[in-house]
Colleague: 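Structure below; questions to follow.
Lettering of chains follows the sequences in order, A, B, ..., and the numbering in each one begins at 1.
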Amino acid sequence: MTADAEAASAEIAQHALVHGQPFVDWPQDLFIPPDALEVFLETFEGPLDLLLYLIRRQNLDILDIPIADITRQYMDYVELMKELRLDLAAEYLVMAALLCEIKSRMLLPRAAESEDEDEDPRAELVRRLLEYERFQQAAIALDERPRLERDWLQTHIEIPSGYLRRIPPQVELTDLLAAVRAVFERADLSSAHRVEQESLSLRERMGLVLERLQGRGFTPFSELFDASEGRPGVVVTFLAILELIKTSVLELVQTEPFAAIHVRARQAADEPAAA
Amino acid sequence: MEAPALKQVVEGALLAAGGPVNIERLLSLYDEEEQPSRAAVLETLQVLEQEYAERGIEVMQVASGYRIQVRASVAPRVARLWDEKPARYSRALLETLALVAYRQPITRGEIEDIRGVAVSTQIIKTLLERDWVRVVGHRDVPGRPALYTTTKAFLDYFGLKSLNELPPLADLREPADLLREHPTLAGQPPDSAPPAPDNQEMSP
Amino acid sequence: MEAPALKQVVEGALLAAGGPVNIERLLSLYDEEEQPSRAAVLETLQVLEQEYAERGIEVMQVASGYRIQVRASVAPRVARLWDEKPARYSRALLETLALVAYRQPITRGEIEDIRGVAVSTQIIKTLLERDWVRVVGHRDVPGRPALYTTTKAFLDYFGLKSLNELPPLADLREPADLLREHPTLAGQPPDSAPPAPDNQEMSP
């Protein structure tokens, strides 16, 4: 608190009117210009903050608060807040009541002569003030730490475009089975799409036959069979070819009786074989 | 604290700006009386570019000023930081894939008939790009629709030796049950080990 | 094109990432078979930090990994690129944040008990939006109030590797004991008394 500030404080006293009377009786330490008074009072972070302010201002030991004094000063501030119609939070009034209660208890003769369990009436308040003060200090320390945006800046440069990759999602076989089950259950409901059972090896073989014929013209029928697969393999291939012919995918050609049979994927005359 | 060198300021500014910065803007970092010359800033930019020769970054002049960017030789690798891991495939895609697997060779129209709903081109495209499905021919009907089958890559991905290892349609029940009956489907060699712990959990 | 050196890749990645990158993520820029060792990456980071000694930037290890940042000696000047001043935070916000940092997990009610005043919803919202604080659960008491903790982003922002790096809270003294030590002072307004002798004890 500087001399200048005190002079300023005296000056405001002449400007402020409370209840139509010049307000001269206010806390001694209000060294702030009048238009800042409201701001000043609003900056208190609640009653504990205000109390700590009062204690620090008088350089008092927090552990040994002169409760009567502090109560009086606290009430002055609360009154002032009321006069300025600040949105006075209930916490301030609760604290005022608490201070008055402590004050009254301290006026009573203490039965604590014999060091019994009777606690100092201020103890709980002091504990709260001390606890709060730790976090006030911690908040200040936090604010003083270097931090991004203020003390350091994050670097962020671009990379030339066109290099981003997309990773496809993972699929579990169970997902696939659940999907096929769902789709056939639905299909079963509409009789038009009754799904007959077919061996998957037949279907797989149909794909393989088509793969072999892809991009080729007529292929000798016999080339599609692999004798090393044995009889079942030959049968599956044969069934696959019949199925493909039935569904208009393949066509069979025999130029003359008993000549070699040729097979090819059907295609429009003017269209090259599927690539 | 000593005033930082012009080179440090220019480098810091270009690295932090997140976009190109022109000479005027670099000069504006200084009050008028302490401002370096344009020539000094330009020279600093050249010095930086030389110093970056062996680094992963480079100074580049573009229309709106100068920027530091990841060097092209490093970019493909650095770009992996943003590899997109998209969510999951849609049910429509999985059903389409499942139908190709079980009913191949199959046309898009046939898939649509069974699913009772149109199959989007995007789904077909995704399946083709993923190399799970391919075109093996065309059905000789009006429109000559493409015939799709699954690929070897599809079998490999799902750990199948052949389509035969997929459970027959008639058996399709809860997939979890299937896996219990076909341990190979769960990717475990059938007789290598006693039932895996989660198999036990599933059996009553 | 020759494969870029690990140093170039690490530098490019940290500069481009726009935030901290951890070792795993740096390793993931490589396919498994070409992946460098963790030790090699750590060494590279050290080499970069040494090389940056004379530059406007530095490598910093924070909770979520490593980042390259503009040095504190250069940042104020570079910050002039932007018109806005970096945000200042109110005491209410800083105190709330400090309480979450030191007392986590903590409920809003517990913060209010210690501060002796209501915590505005705006403050909680700001802390959540900045991703400095998050809800990790609910205390099993009536109303099931949310439990808040700080995040990695909080540590990153303040340049911390872990909460352990926060300076320890001042010790809390037992008020009742201390009051009893000074029976003469108890209850008397010491308007006239000199500053209490244990002021010195108070400041560590």
Colleague: Output the option from C:Ala16, C:Ala17, C:Ala101 having the highest count of non-hydrogen pairs under 4.5 Å with chain A.
Modeller: C:Ala16
Colleague: Please round to the nearest 0.5 Å and tell me the distance separating atom CZ of C:Arg67 and atom CD of A:Gln154.
Modeller: 6.0 Å
Colleague: Looking at C:Arg88 and A:Arg147, what are the two nearest heavy atoms and their distance?
Modeller: CA-NH2, 4.3 Å
Colleague: Can you tell me if CD on C:Glu51 sees more than 12 non-hydrogen neighbours from other groups inside 6.0 Å?
Modeller: yes
Colleague: Could you tell me the separation between the OH atom of A:Tyr132 and the CG atom of C:Leu99, rounded to the nearest 0.5 Å?
Modeller: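 Result: 9.0 Å between the selected atoms.
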Colleague: Work out which heavy atom in A:Arg145 is nearest to a heavy atom in C:Pro167; give both atom names and the distance.
Modeller: NH1-CD, 4.0 Å
Colleague: Got more than 12 heavy atoms from elsewhere within 6.0 Å of CD, C:Glu54?
Modeller: no
Colleague: Among A:Ile159, A:Leu148, A:Thr43, which has the most heavy-atom pairs under 4.5 Å with chain C?
Modeller: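 So the answer, after comparing A:Ile159, A:Leu148, A:Thr43, is A:Leu148.
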Colleague: Can you say whether C:Leu14 sits under 4.5 Å from chain A via the side chain, the backbone, both, or neither, judging by heavy atoms?
Modeller: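 Answer is backbone: N, CA, C or O of C:Leu14 sit under 4.5 Å from chain A.
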Colleague: Return the minimal non-hydrogen interatomic distance between C:Ala170 and A:Arg134, and the atom names on each side.
Modeller: O-NE, 2.7 Å
Colleague: Kindly give the heavy-atom pair with the smallest separation between A:Leu153 and C:Ala79, and that separation in Å.
Modeller: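 Result for this residue pair: CD1-N, 3.9 Å.
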Colleague: Can you find a heavy atom in the side chain of A:Leu48 that is under 4.5 Å from one in the side chain of C:Val117?
Modeller: no
Colleague: Top residue by heavy-atom pair count (under 4.5 Å) with chain C, among A:Lys103, A:Arg128, A:His156, A:Met95?
Modeller: A:His156
Colleague: Which atoms of C:Arg115 are under 4.5 Å from chain A, going by heavy atoms: the side chain, the backbone, both sets, or neither?
Modeller: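 Contact with chain A: backbone and side chain both.
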Colleague: For the residue pair A:Glu149 and C:Tyr157, what are the closest heavy atoms and their distance?
Modeller: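 Closest approach of A:Glu149 to C:Tyr157, heavy atoms only: OE1-OH, 2.5 Å.
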Colleague: Does C:Arg91 pair with A:Asp49 as a salt bridge, N-O distance under 4.0 Å?
Modeller: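 Counted as a salt bridge, because a side-chain N and a carboxylate O are separated by less than 4.0 Å.
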Colleague: Report the C-alpha distance between C:Arg71 and A:Trp152 in whole Å, list the side-chain angles of each, state the deciding distance to 0.1 Å, and finish with yes or no for side-chain contact (heavy atoms from CB on, under 4.5 Å).
Modeller: CA-CA 6 Å; C:Arg71 266 178 205 286; A:Trp152 304 308; over 6 Å; no
Colleague: Please check if the number of heavy atoms outside C:Glu32 that lie under 6.0 Å from its CD is greater than 12.
Modeller: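 Open: at most 12 neighbouring heavy atoms sit under 6.0 Å from CD of C:Glu32.
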Colleague: Which region of A:Glu158, side chain (C-beta onward) or backbone (N, CA, C, O), has a non-hydrogen atom less than 4.5 Å from a non-hydrogen atom of chain C, or is it both or neither?
Modeller: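 Neither; nothing under 4.5 Å.
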Colleague: Tell me if the CD atom of A:Glu172 is crowded by more than 12 foreign heavy atoms within 6.0 Å.
Modeller: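 No - once you tally the heavy atoms of other residues, nucleotides and ligands closer than 6.0 Å, there are 12 at most.
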Colleague: Most heavy-atom pairs under 4.5 angstrom with chain A, which of C:Ala75, C:Ser90, C:Gly12?
Modeller: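 The residue among C:Ala75, C:Ser90, C:Gly12 with the greatest pair count is C:Ala75.
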Colleague: By a 4.5 Å heavy-atom criterion (distance strictly below it), what part of A:Leu142 contacts chain C: side chain, backbone, both, or neither?
Modeller: both
Colleague: Please flag which part of C:Glu84 lies under 4.5 Å from any non-hydrogen atom of chain A: side chain, backbone, both or neither.
Modeller: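 Neither part, no heavy atoms under 4.5 Å.
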Colleague: Between A:Ile102, A:Asp151, A:Val94, which shows the greatest number of heavy-atom pairs under 4.5 Å with chain C?
Modeller: A:Asp151
Colleague: Distance check, rounded to the nearest 0.5 Å: C:Ile114 atom CD1 versus A:Glu133 atom CD?
Modeller: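 Separation between the atoms: 14.0 Å.
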Colleague: Identify the heavy atoms of C:Gly116 and A:Pro47 that sit nearest to each other, and give their distance.
Modeller: O-CD, 3.4 Å
Colleague: Would you give the length of the straight line joining atom CG of C:Leu15 to atom OG1 of A:Thr155, rounded to the nearest 0.5 angstrom?
Modeller: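 Reported to 0.5 Å precision, the distance equals 4.5 Å.
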